Participant: 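Please find one structure pasted underneath; my questions will follow.
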2 protein chains.
Amino acid sequence: MSTSPRYQRRKEDRPAEITAAAFETFAEKGYANAKVADVARRAGVSKGLLYVYFKTKEELFKAVVRSVVIPRVNALTEAAVSDAESAEAFIRGPLRQFMKALPGSPIAIVIKLMITEGSRHPDLVDFYWDNVASRGLDALRALIARGVRGGEFRETRYSEYPHLIMAPAVVAVLFELIFKNQRVNSDELIDSHIDILLENLSVSGRAET
Amino acid sequence: MSTSPRYQRRKEDRPAEITAAAFETFAEKGYANAKVADVARRAGVSKGLLYVYFKTKEELFKAVVRSVVIPRVNALTEAAVSDAESAEAFIRGPLRQFMKALPGSPIAIVIKLMITEGSRHPDLVDFYWDNVASRGLDALRALIARGVRGGEFRETRYSEYPHLIMAPAVVAVLFELIFKNQRVNSDELIDSHIDILLENLSVSGRAET
DNA sequence: ACTCTTACTGACCCAAGAGTCAGCAAGCAG
DNA sequence: CTGCTTGCTGACTCTTGGGTCAGTAAGAGT
């Protein structure tokens, strides 16, 4: 009676599998409360093997952030600058969708980890700034500029501080993070904000609600 | 040669002193990385004594949040509802000051702790919601309602979602928390937001910048 | 089928830090 | 001055969890 092998050798896939398991674990528990043993179990791997691929828990953490963040940002920033649709259409469509999806997305978790562990990992903060925050803000600025150039929008404070465009979405993320998605309707909050935003940007003055 | 006593017995003052020291320590390190021994040393007290007054580290944490949060909230919410100044004046004055002060205030630290440890202390989250978030939002709603009633403001989405009023201030807090007050000018960001907000609320339509 | 490389395991080690407790001494009462 | 209460100390224990390594077995090569 031949037993099936107790494990397979899959050198190639291990790092990605471990990274994915680590992301889930960090998402649930936060960095400090996530045990390396948990990550290993989730990845279907022994603790020893994990330490073959990642020198320390901290290095594993950095790998997670890197692997999760970059792909998400590229897609959106590219879309924002393209001329495929009007700036207003982009705000009402893709941008609004993005904002509504934020609380449930991996980026929400990265934001949380940034707040939690950022002070102890300055290089990670730099990485996040360069690759996410800063690029996102630039994309928004470019979007508004495109709208102004095309005569859709007037010049407002939003050109200077695109932070104000994202702020409500970030707050929605925090509310769901802290209060476990019960005490505020994120979708309506985002919709209200988009209305206010576009009314403010509009060249034609106030429309009826 | 008589030595001065090695310690004084000050039963009454100990809890408050320990709570204060704990707040500073949690602020610097976060809950998980703060050592009880550090708190004790900072309070000028032995670890054993700390455990006389607080059964566990967690209970100490709750005591900290309770003692820090309540006094701050009362002052502002009361001012918001009083008729001493017009709603617009209140927004341009005290509310704006409050927003600018937020990142450096204890509330910022409590927000961080809420994000970090909230999931493990549901009763604390409830406490925070009841005594801070919910009350703050109600006060803002009341403020806007007062403005509308007095003919200063028109009805807008802000009445429904006062979250949108605070959102930029919260984002400013996060930026300083994560990026250590270098990469955004919080004060100007708040000023810009207040301008946009009041323009939107104004019954008379758009004014010149 | 036999060998050899190496991906992989899991028992182990050890530092860190939460929580305990027997005893010490401040300082009031008589 | 003496005794007694109790606020206070700090050395101790014990658990938790990050990190190691000697050994095991997958599975390719011959």
Side-chain angles (χ1 to χ4, degrees), chain A residues 1-64 113 116-117 120-121 124, chain B residues 1-26 28-64 113 116-117 119-121 124:
Chain A
M1 182 189 281
S2 76
T3 51
S4 61
R6 296 197 318 187
Y7 60 83
Q8 292 155 26
R9 312 177 126 207
R10 306 208 331 279
K11 189 178 161 66
E12 308 302 320
D13 304 336
R14 296 304 191 191
E17 289 173 15
I18 293 170
T19 292
F23 172 72
E24 291 170 22
T25 310
F26 289 153
E28 276 176 22
K29 313 263 184 107
Y31 178 81
N33 285 77
K35 299 164 209 167
V36 174
D38 287 347
V39 174
R41 195 174 327 118
R42 199 165 204 145
V45 143
S46 72
K47 199 158 51 125
L49 187 63
L50 189 152
Y51 274 96
V52 169
Y53 294 111
F54 303 93
K55 270 175 67 82
T56 65
K57 187 188 184 186
E58 176 168 338
E59 201 179 277
L60 171 63
F61 176 51
K62 294 184 184 181
V64 167
L113 289 173
T116 313
E117 313 296 333
R120 239 162 309 130
H121 306 286
L124 238 184
Chain B
M1 184 189 278
S2 76
T3 50
S4 62
R6 297 199 317 189
Y7 59 84
Q8 291 155 27
R9 316 177 124 205
R10 304 206 334 277
K11 191 178 162 61
E12 308 303 319
D13 304 335
R14 296 305 192 191
E17 289 173 14
I18 293 170
T19 291
F23 172 72
E24 290 170 22
T25 310
F26 289 152
E28 276 174 24
K29 313 265 184 106
Y31 179 82
N33 284 78
K35 298 164 209 164
V36 174
D38 286 347
V39 175
R41 193 172 329 116
R42 200 166 204 145
V45 144
S46 72
K47 199 160 50 131
L49 186 63
L50 189 154
Y51 275 97
V52 169
Y53 294 111
F54 303 93
K55 269 175 67 85
T56 65
K57 187 188 184 186
E58 175 168 339
E59 201 180 276
L60 171 62
F61 175 54
K62 295 186 184 179
V64 167
L113 289 173
T116 314
E117 312 297 333
S119 54
R120 239 163 308 131
H121 306 286
L124 239 186

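All figures in this text were calculated on a predicted structure; none of them were measured in a lab. Every chain is numbered from 1, with letters handed out A, B, ... down the list of sequences.
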Participant: Can you tell me how far C1' of C:dA22 sits from CG of B:Leu49, to the nearest Å?
Facilitator: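 Between C1' of C:dA22 and CG of B:Leu49: 16 Å.
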Participant: Reckon B:Phe54 touches a base, only the sugar-phosphate, or nothing at all at heavy-atom distances under 4.0 Å?
Facilitator: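 Contact class for B:Phe54: none.
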Participant: In whole angstrom, what separates A:Glu12's CD from C:dA7's P?
Facilitator: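 Distance check: A:Glu12 CD to C:dA7 P gives 10 Å.
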Participant: Rounded at 0.5 Å granularity, tell me how far OG1 in B:Thr19 sits from CZ in B:Phe61.
Facilitator: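 Between atom OG1 of B:Thr19 and atom CZ of B:Phe61 there are 12.5 Å.
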Participant: Can a side chain N or O of B:Arg6 be found less than 4.0 Å away from OP1 or OP2 on D:dC8?
Facilitator: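 It does not, given that no N or O in the side chain of B:Arg6 lies less than 4.0 Å from OP1 or OP2 of D:dC8.
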Participant: Does B:Tyr53 place a side-chain N or O at less than 4.0 Å from the phosphate oxygens OP1/OP2 of D:dC8?
Facilitator: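 For B:Tyr53, the contact criterion (side-chain N or O under 4.0 Å from OP1 or OP2 of D:dC8) is met.
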Participant: Between C1' on D:dT9 and CG on B:Leu50, what's the gap in Å once rounded to a whole number?
Facilitator: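 So the CG-C1' distance, B:Leu50 to D:dT9, works out to 13 Å.
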Participant: With a 4.5 Å limit on heavy-atom distance, are the side chains of B:Thr25 and B:Glu28 in contact?
Facilitator: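 They are not in contact (no side-chain heavy atoms under 4.5 Å apart), so the answer is no.
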Participant: Within the pair A:Arg10 and C:dA7, is there a side-chain N or O less than 4.0 Å away from OP1 or OP2?
Facilitator: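 Indeed not, no polar side-chain atom of A:Arg10 lies that close.
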Participant: Would a 4.5 Å heavy-atom cut-off, applied to side chains only, mark A:Lys11 and A:Tyr53 as touching?
Facilitator: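 They are in side-chain contact.
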Participant: So which one's nearest nucleotide on DNA chain C is more toward 5', B:Val36 or B:Gly48?
Facilitator: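 With B:Gly48 and B:Val36 compared, the 5'-side residue is B:Val36.
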Participant: Among the candidates C:dT9, D:dT9, C:dT5, find the nucleotide nearest to the side-chain atoms of A:Arg9.
Facilitator: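 Within the option list, the nearest is C:dT5.
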Participant: Do the side-chain N or O atoms of B:Lys47 get closer than 4.0 angstrom to the phosphate oxygens (OP1, OP2) of D:dG10?
Facilitator: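 Indeed not, no polar side-chain atom of B:Lys47 lies that close.
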Participant: As a test of reading the structure: which of D:dC8, C:dG17, D:dG27 is closest to the side chain of B:Lys35, going by heavy atoms?
Facilitator: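 Of D:dC8, C:dG17, D:dG27, C:dG17 is nearest to the side chain of B:Lys35.
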Participant: Quick one: label B:Ala34 by what it contacts on the DNA or RNA (base, sugar-phosphate, nothing), any heavy atom closer than 4.0 Å.
Facilitator: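 Sugar-phosphate contact only - B:Ala34 comes under 4.0 Å of backbone atoms but never of a base.
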Participant: Which residue lies toward the 5' end of DNA chain C, B:Gln8 or A:Tyr7, if each is placed at its nearest nucleotide?
Facilitator: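 Taking each residue's closest nucleotide, the earlier one in sequence belongs to A:Tyr7.
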Participant: Any side-chain N or O of A:Tyr51 below 4.0 angstrom from OP1/OP2 of D:dT20?
Facilitator: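 No, A:Tyr51 has no side-chain N/O under 4.0 Å of OP1/OP2 on D:dT20.
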Participant: Looking at B:Tyr31, I'd like to know if the NZ or CZ of B:Lys57 sits under 6.0 Å from its six-membered ring centre while staying within 45 degrees of the ring's axis.
Facilitator: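 Ring-cation test returns yes.
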Participant: Does A:His121 offer a backbone N or O that forms a donor-acceptor pair with the side chain of A:Lys62 under 3.5 Å?
Facilitator: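 No, the answer is negative, given that no donor and acceptor are paired below the 3.5 Å cut-off.
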Participant: What integer distance in Å separates B:Lys29:NZ from C:dA16:C1'?
Facilitator: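 Spelled out: NZ on B:Lys29 to C1' on C:dA16 is 13 Å.
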